[in-house]
Amino acid sequence: MTDKATLTIGDKNYDLPILKGSTGPDVLDVRKLYGDSDHFTFDPGFTSTASCESKITYIDGDAGILLHRGYPIDQLAEKSSFLEVCHLLLNGELPTAEEFTKFERNITYHTMLHAQFDSFFQGFRRDAHPMAVMTGAVGALSAFYADSLNVDDPKQREISAHRLIAKMPTIAARAFQYSQGRPFVTPRNELSYSENFLRMCFSVPAEDWVPNPVLTRAMDRIFILHADHEQNASTSTVRLAGSSGAHPFACIAAGIACLWGPSHGGANQEALEMLEEIGSVENIPAFVQGVKDKKYKLMGFGHRVYKNFDPRAKVMQKTCYEVLEQLGINDPLLHVAMELEKVALNDQYFIDRKLYPNIDFYSGITLRAMGFPTNMFTVLFALARTVGWISQWKEMFEDPSRKIGRPRQLYTGATQRDYVPVEKRG
Ligand code: SDX
């Protein structure tokens, strides 16, 4: 098989090198196409475009496979921990016991925030959406760290990565406590990453906080499931912002802003609110008809890449059962979700469009059972995805061919014309 494709435009042929990955689709290298042919490629939404080379995450959408540095997500969710997955995503390998101890210590000793930073939250209304708080707070973090800004220095990139992974739980917990009118809780170094986060969210000064190992494990697993996902919209946002050399914390704030959208990370909140709106199994047929009439989308369903089950959704469903059982909760919305899934998976409309549950379909029921309000769901997604964003940002800077991202366009506006004085208009 030749290692090039030939494009014919008019009476000219243009060779496009075919680049092969370790697995997945090959790519046509079009980097020289505009210079040679005076033509752009056109792919709004990037449905057929690879924006970069990466070694971090691989998704086979047809087979429903998700690998992080080659390890299947279901194995990592079952056998690993979020901090171990952070090391894997950042450094490319699962850590040895010694490497993990060092990595965990680096993260643990960066969880505190500058004392002055807490007053930043006071500028928000108590009823501000926590994602608005997160976008502002993480962006503001760049004002507190004027050191380690040389993004071309690997050591400084590593410090920024550790700081972000470590501080996101502290900021997210503050956004939650602030919205609830409760005092902020300082991180504790003797607690694990997920235990520390749950304590900062749910402990109150009036009594000792007792960790629940099932909920801690569930939280850690939920973080693993949300850690990274190839070149999704928010990761592409972080890469594009980072390509200009912007402050890494500001780039992550850009990623948080993008993730907030209902088509992306905001879908977990939308999916639970959709289940609440449906309310009971009896209302499912009418709701599904509304989807087919294109009045609204089935939130938590469908995916740009997965045209089969999202492997994370299966683990999320299992975790949902475990949490509800542990808490002795019989949530009627779980029955609605399961029936809705069954109806959708057997309906030709959804089958024809290859629409399956994605990670957001069951996460909301689980998080609500754990005590989080719906407006915190995407904050938890952003907390977990920070390691994916910063790992992809770091990989971009390790690529010697790195360039600032600057897409072109198909221009269909007015061609050149002369200025018209106001008295001659209309
Ligand atoms: C995440 O990219 C990632 O990896 C994201 C993510 C990550 O970890 O980073 O996985 C996280 O964002 C998961 C997705 C969460 N979003 C939702 O659950 C919102 C609902 N889903 C849809 O908005 C939609 O499925 C998208 C946005 C996720 C994907 O849309 P695409 O790939 O652009 O597909 P499309 O809009 O071209 O849809 C193809 C057809 C259309 O119908 P027709 O015009 O052909 O008749 O499928 C329909 C769409 O209308 N369709 C849906 C649907 N999703 C697509 N119809 C009903 N309900 C849906 N959910």
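These numbers were taken from a predicted model, which means no experiment stands behind them. In each ligand, atom 1 is the first atom listed, and ligand 1 is the first ligand listed.
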Tell me if the centroids of the rings in Phe144 and Phe249 come within less than 6.0 Å of each other.
no
From Met299, Lys292, His303, Arg304 - option closest to atom 3 (C) of ligand 1 by heavy atom:
His303
Aromatic centroids of Phe372 and Phe202 separated by under 6.0 Å:
yes
Contact atoms of ligand 1, heavy-atom distance to Gly302 under 4.0 Å
25 (O), 28 (C)
Taking the six-membered ring for Trp and the full ring for Phe, Tyr or His, determine whether the centres of Tyr306 and His229 are under 6.0 Å apart.
yes
Considering both backbone and side-chain atoms of Leu298, is one of its nitrogen or oxygen atoms within less than 3.5 Å of a nitrogen or oxygen in ligand 1?
yes
Are there protein heavy-atom neighbours of atom 35 (P) of ligand 1 below 4.0 Å?
no
State yes or no: are the ring centers of Phe287 and Tyr296 separated by less than 6.0 Å?
yes
Looking at ligand 1, does any of its N/O atoms fall within less than 3.5 Å of an N/O of Asp310?
no
Is the shortest distance from a Lys or Arg side-chain nitrogen in Glu99 or Lys102 to a carboxylate oxygen in the other one below 4.0 Å?
no
Is it the case that the side chain of Arg182 and the backbone of Cys201 share a donor-acceptor pair, with hydrogens and angles ignored and the cut-off at 3.5 Å?
yes
Under 6.0 Å between the ring centres of Tyr145 and His114?
no
In terms of atom number and element, which parts of ligand 1 are under 4.0 angstrom from non-hydrogen atoms of Gly300?
17 (C), 18 (O)
Hey, is the main chain of Trp393 close enough, under 3.5 Å, to the side chain of Arg157 for a donor-acceptor pair?
no
So is Phe381 polar-close to ligand 1, meaning N/O to N/O under 3.5 Å?
no
Polar proximity ligand 1 side, Phe301 side, N/O cut 3.5 Å exclusive:
yes
Can you find a non-hydrogen atom of Glu230 under 4.0 Å from ligand 1?
no
Does some non-hydrogen atom of Asn358 fall short of 4.0 Å from ligand 1?
yes
For Val291, take its heavy atoms, then give the atoms of ligand 1 lying under 4.0 Å from any of them.
57 (C)
From the candidates His229, Lys294, Arg353, the one that places a heavy atom nearest atom 44 (O) of ligand 1:
Lys294
Min N/O separation Asp360 to ligand 1 under 3.5 Å:
no
The option among Lys354, His264, Arg312, His226 carrying the non-hydrogen atom nearest to atom 8 (O) of ligand 1 is Arg312
